Amino acid sequence: MFGRAQGGEATIAGRPIAAILREAAVETPAYVYDVGAMQDEAHELKHAFGAQAHLVAYAVKANSAGAVMRALLDAGCGAEVGSLAELELALEVGVPPEAIIVNGVAKTDAELDAAVASGGVGVCAVQIDHLAEILRLDARAVALDRPARVSLRINPNVRADTHAGIATGHDEAKFGIALEEIGEAVELLRQSRQLLLVGLGIHIGSQLTRTNEYLEAARVLVDAATSYEAASGDRLELFNLGGGFGVDYGEGSCAPPAEFARDAARLFKERGLSTRLMVVEPGRALVASHGVLVASVLGHKTAGGRRYLLIDAGMNDLLRPALYGAHHRIEALEASSGAGQRWNVVGPVCESSCDFGTSMLPDPPPSHVVIRDAGAYGYSMASHYNGRPLPAEIFVARDGTIRVSRASDSARWLAERLAAG
Ligand code: LLP
């Protein structure tokens, strides 16, 4: 949890961040995470399901650090993976294959093979994204002589109230099987040799701040499942509602993850589905608020009538502002007095979009700033753009002890690029 000590300095997990940085002896920019608070988020979410059978499959893409994965595994989470590397990571960390959901709109043969070959009966479910994938997955499963558990990712045609780039459940999105195609999908599955339909799934988008559309889509899913069961006489094992629970980036209200779980559990109870496995795939909601990105202030300038604060973190370290126009709160690391003034905080990358927006900060400027709510889709979307190293990461455990993962080596980048071609 990010906070401020009595003296006013920024803290995480109850420890001053400046002291953590000194102890870690890393250069900025550096991510700092409160791993215990992430685990508490998972416990709280699981608790909200009450008597509903459930699997919280943590979306690894949000933050794939081993320490985070292990903490969430300890809290009883499974994993949602979107690539072969994420699947391998989840398995290495010790997530049981039966608690792993494999997603992807364009999966490679290697990804399909690994999903089918994991554990005794493969992963919990490979989510089929489109009709042709049924034939491809069956061919892989036949080649491996193994059965494959599948869930159909349907497109419920519900437009989530979020940024267009992360809304995935409407009829123009590239994801999932249209409702009208479910019959055909079921027929293809019936004709398949190794595929076993265990469930249906949806994922309408990310950073949902209210439960309305999530529940609307859940109703579409439940209706589709009920029709399938009535027509086939089969019983589905799981209903996957996807992830997307939002966090408050400082704008104000946002339904907490527990509210999504409670409302969905209520719907399932009404429909007599409490004993079926409800799968949810949260990423952001478990980790975003419990990570910060610390940057050094390199200088300031006035240009075009704007006051720019120049920091050493860039769009390669935290892409969300450049990609989605997302605003993260930025605060001084040290205690500061007075209201300060509005600064336009920008990074070093040679693009105007390397811009973190405006924030109230002290004047004269502080030596370091903290960019809040950077625990999700921060490091995991970082890149070497401009030849910049990947930032360091510091993991603070519940007892205050830290583990450090150092910034990637610029010399290696240089050698790789020199050797390219
Ligand atoms: N399940 C599926 C199938 C997904 O595609 C995603 C995220 C999740 C679960 C987890 O969603 P979450 O609970 O984290 O919202 N880079 C963007 C977010 C992209 C989300 C991609 N899919 C951002 O920084 O806002």
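Order of appearance sets the numbers: ligands from 1, and atoms from 1 within every ligand. Quick note: residue numbers are just sequence positions, from 1. Since this is a predicted model, take the numbers as computed values, not measurements.
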Is the number of heavy atoms from other residues, nucleotides or ligands within 6.0 Å of [atom1] ([X]) greater than 12?
X	atom1	result
R306	CZ	no
E27	CD	no
E44	CD	no

Check ligand 1 against [X] and write out every atom of the ligand that is under 4.0 Å from a heavy-atom position of the residue.
X	answer
I166	17 (C), 18 (C), 19 (C), 25 (O)
G283	12 (P), 13 (O), 14 (O)
G244	11 (O), 12 (P), 13 (O), 15 (O)
S206	11 (O), 12 (P), 14 (O), 15 (O), 18 (C), 20 (C)
A59	8 (C), 10 (C)
E281	1 (N), 2 (C), 3 (C), 8 (C), 9 (C), 10 (C), 13 (O)
P282	13 (O)

Which heavy atom of the protein is the closest neighbour of [atom], given with residue, atom name and distance?
atom	result
atom 8 (C) of ligand 1	H203 CE1, 3.5 Å
atom 24 (O) of ligand 1	R320 NE, 2.6 Å
atom 17 (C) of ligand 1	Y324 OH, 3.0 Å
atom 20 (C) of ligand 1	Y377 OH, 3.6 Å

Would you mind telling me which of V93, L89, L87, V95 makes a side chain to side chain contact (heavy atoms under 4.5 Å, CB included) with L91?
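Checked V93, L89, L87, V95 against L91; only one passes side chain to side chain contact (heavy atoms under 4.5 Å, CB included): L87.
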
Should E259 and R262 count as an ion pair when the cut-off is N to O under 4.0 Å?
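Looking at E259 and R262, the cut-off is not met.
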
Do the charged groups of R284 and D373 touch, with an N to O distance under 4.0 Å?
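No, R284 and D373 are not salt-bridged.
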
Checking the side chain of R153 only, and the main-chain atoms of H203 only, is there a donor and an acceptor separated by less than 3.5 Å?
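Between the backbone of H203 and the side chain of R153 there is a qualifying donor-acceptor contact (under 3.5 Å).
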
Is the side chain of W343 donor-acceptor paired with the backbone N or O of P362 at a distance under 3.5 Å, no angle test?
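The answer is yes, because a donor-acceptor pair under 3.5 Å joins these two groups.
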
Examine Y33 together with H290 and report whether their ring centres are nearer than 6.0 Å.
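Aromatic pair excluded; centres sit 6.0 Å or further apart.
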
Look at atom 25 (O) of ligand 1 and find which of K61, Q207, M381, R284 reaches it with the closest heavy atom.
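Residue with the shortest heavy-atom distance to the ligand atom: R284.
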
Run D317 and R388 through salt bridge (Lys or Arg N to Asp or Glu O under 4.0 Å) and show every step you take.
CA-CA 9 Å; D317 302 301; R388 289 169 55 79; 2.8 Å; yes

Min N/O separation [X] to ligand 1 under 3.5 Å:
X	result
N103	no
A62	no
G242	no
R153	no

